[in-house]
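Read through the structure below, which is laid out as C-alpha cells, and then see the notes.
All ligand and atom numbering here is 1-based and tracks the order in the structure.
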Amino acid sequence: MTQQQTERIDGKAIAAEVLEICRQRCAEFKGRGGPPSLAVVRVGEDPASRVYVRGKLRAAAKVGIQASEHHLEATATQQEVEATVRALAADDAVDGILVQLPLPRHLHEGAILGLVPTDKDVDGFGVESLGALVAGLPGLRACTPAGVMTLLDHAFAARGETLRGKRALVIGRSRIVGKPMALLLLAADATVTIAHSKSADLAAEVGRADVVVAAAGVPHLVRGEWLAPGAVVIDVGIHRRDDGSLCGDVDTDSAEGIAAAITPVPGGVGPMTIATLMRNTVEAAVRRRGESADV
Ligand code: NAD
C-alpha cells in the first residue's frame with residue numbers, strides 16, 4: 001500500500017473565501033432595497049439547535065445579511081408555528097426563511113417546511129427545490145451537500161483534476177444530506193453509489209470509491225483500512241463525545257497515510273454549511289429582486 005501524507009481539507013479557510021464573496025455582494029445591495037435578509041425559525045430549547053442558530057446569525061452579521069431569529073416555546077402548537085412561517089412567507093422584506101430542524105416531535109415537519117416559498121427556501125429542503133435538483137433546473141441547493149461540493153471542487157482543483165468520471169460513494173440517503181449529495185455529484189459527472197443502513201457490504205463499497213462522503217450519523221463508522229489509497233474523504237457526521245470533544249463518521253486517525261485528503265471534524269463541513277447558507281441567502285435576494293443570479 002502506498003503511504004502518502006493525508007491532506008486536511010480546510011473547511012474554515014474555504015468557508016472564509018465564500019463568506020468574503022457574500023460580504024462583497026451584500027455591500028452591493030446598499031441603497032437598493034436594503035441588505036439581503038434571513039429569518040430563522042427555532043422552536044423549543046434543543047441545545048444543538050441553539051448553537052447552530054447562533055453560528056448562523058453570527059455569520060450573517062459578519063457578511064452584512066440582516067438576520068432575525070423567531071423563537072417559539074417547545075410547547076408551540078402546529079398552528080402557531082405555521083402562522084409564524086406564513087407571516088415570514090408573506091413578508092416581502094424577507095429573502096430567506098430557515099426552519100431549524102429538528103422540530104419538537106409533536107409538530108408535523110413536512111407541513112411546516114411546505115409553507116416556505118421556493119424562492120425563499122435557502123435551506124433547499126422543499127419539494128420544489130429538490131425537484132429542481134432532480135430535473136437539473138436552477139434552484140437553491142441544500143446547504144450541506146452544496147457546501148461539500150465546494151470542498152470537493154477545491155480538493156480536486158488543487159490536484160489539477162475534477163470529479164468527472166470519479167467513483168463517488170455517498171453513505172446515507174437522508175432528504176437533507178445523502179440524496180441531494182448524490183444528485184449533485186451526479187450533476188458533476190461522478191459515477192455515484194449510495195450506501196445506507198441496509199447496504200450489504202459497506203467496507204467493499206468504500207474500497208471501490210475515489211470519493212467518500214460519509215453522512216450516516218454513526219461515529220467512526222468508516223475505517224481507514226477500508227479506503228482505497230488516494231481516496232478523497234468528506235466527513236459530514238458530527239458527534240459530541242462524553243468528554244465534550246467532537247468526532248465524525250470517519251475514523252480519521254486510521255485514514256492517515258491512506259486517504260489523499262480528508263475533512264477534519266470540527267473545521268470541515270460545518271463551517272461550509274453555514275457559508276453556503278449565506279451564499280444561498282444572497283442568491284435568493286438577487287433572484288427575488290430580479291438581478292443577475294451570479295453570486
Ligand atoms: P439521518 O439520520 O437522517 O440519515 C442517516 C443516513 O445514514 C440514513 O439514510 C441511513 O440509512 C444511513 N445509515 C445509518 N447507519 C448506517 C450504516 N451503518 N451504514 C450505512 N448507512 C447508514 O442523518 P442526516 O441528517 O443525513 O445527517 C447525517 C450526519 O451528518 C449526522 O451525524 C448529522 O449530525 C451530520 N450533519 C452535519 C451537518 C454539518 O453541517 N456538519 C449538517 C447536516 C448533518
- Task: State whether Glu109 and Arg175 are salt-bridged, where the test is any N-O pair (Lys NZ or Arg NE/NH1/NH2 against Asp/Glu carboxylate O) under 4.0 Å.
- Result: no
- Nearest non-hydrogen protein atom to atom 41 (N) of ligand 1, with distance, is Val236 O, 3.6 Å
- In ligand 1, the atoms that come under 4.0 Å of a heavy atom of Ser174 are 3 (O), 4 (O), 9 (O), 24 (P), 26 (O)
- Item | Nearest non-hydrogen protein atom, atom 21 (N) of ligand 1 | His196 C, 3.0 Å
- Item | Nearest neighbour of atom 14 (C) of ligand 1 from the list Gly55, Gly268, Ala216, Gly178, on a heavy-atom basis | Ala216
- Message: What I want to check is whether the side chains of Glu28 and Gln24 have a donor and an acceptor closer together than 3.5 Å.
- Response: no
- Message: List ligand 1 atoms under 4.0 Å from Gly270, heavy atoms only on the residue side.
- Response: 40 (O), 41 (N)
- Item | ligand 1 N/O within reach of Asp249 N/O, cut-off under 3.5 Å | no
- Task: May I ask you to identify, for Thr144, whether its side chain, its backbone, both or neither come under 4.0 Å of ligand 1 on a heavy-atom basis?
- Result: side chain
- Message: At under 4.0 Å between heavy atoms, is it the side chain or the backbone of Thr273 that contacts ligand 1, or both, or neither?
- Response: side chain
- Note on the structure: atom 34 (O) of ligand 1: closest protein heavy atom, distance to 0.1 Å, is Ile238 CG2, 3.5 Å
- Message: One residue to check: His239. Relative to ligand 1, which of side chain, backbone, both or neither has a non-hydrogen atom less than 4.0 Å away?
- Response: side chain
- Message: If the threshold is 4.0 Å, N to carboxylate O, is there a salt bridge linking Arg288 and Asp92?
- Response: yes
- Please check if a non-hydrogen protein atom sits closer than 4.0 Å to atom 2 (O) of ligand 1. no
- Task: Please check if Val250 and Val236 belong to a single hydrophobic cluster, counting links between Ile, Leu, Val, Met, Phe, Trp and Tyr side chain heavy atoms closer than 4.5 Å.
- Result: no
- Message: With heavy-atom distances below 4.5 Å as the criterion, would you say the side chains of Met149 and Arg141 are in contact?
- Response: no
- Which ligand 1 atoms, with their elements, are less than 4.0 angstrom from a heavy-atom of Val177? 26 (O), 43 (C), 44 (C)
- Query: Counting each atom of ligand 1 from 1 as listed, which ones have a heavy atom of Gly172 under 4.0 Å away?
  - Reply: 6 (C), 7 (O), 9 (O), 12 (C)
- Query: Near Ala215, which atoms of ligand 1 are under 4.0 Å from a heavy atom of that residue?
  - Reply: 5 (C), 6 (C), 7 (O), 28 (C)
- Query: Who's the nearest protein heavy-atom neighbour of atom 31 (C) of ligand 1, and how far?
  - Reply: Gly217 CA, 3.6 Å
- Item | Distance, nearest 0.5 Å, that separates CG of Leu103 from CZ of Arg42 | 12.0 Å
- Query: For the hydrophobic clusters of this structure (ILVMFWY residues joined by side-chain heavy atoms under 4.5 Å, transitively), does one cluster hold both Met181 and Val265?
  - Reply: no
- Within 4.0 Å of some non-hydrogen atom of Ile176, the atoms of ligand 1 are 25 (O)
- Note on the structure: Here the atoms of ligand 1 under 4.0 Å from any heavy atom belonging to Arg173 are 6 (C), 8 (C), 9 (O), 11 (O)
- Pairwise side-chain contact, Ile65 with Met278, heavy-atom cut-off 4.5 Å (strictly under): yes
- Message: Counting non-hydrogen protein atoms only, what is the nearest one to atom 11 (O) of ligand 1? Give residue, atom name and distance.
- Response: Ser197 N, 3.1 Å
- Pick whichever of Leu221, Leu101, Val148 has a heavy atom sitting closest to atom 17 (C) of ligand 1. Leu221
- Query: Do Pro264 and Thr252 come close enough that some side-chain heavy atom pair is under 4.5 Å?
  - Reply: no
- Query: What are the atoms of ligand 1, with element, lying closer than 4.0 Å to any heavy atom of Val218?
  - Reply: 15 (N)
- Minimal heavy-atom distance between Leu57 and Val40, with the atoms involved, is CD2-CG2, 4.2 Å
- Pair Glu20 + Lys62: basic N to acidic O under 4.0 Å: no
- Task: Applying side chain to side chain donor-acceptor pair (under 3.5 Å) between Gln100 and each of Lys56, His71, His70, report the one that passes.
- Result: Lys56
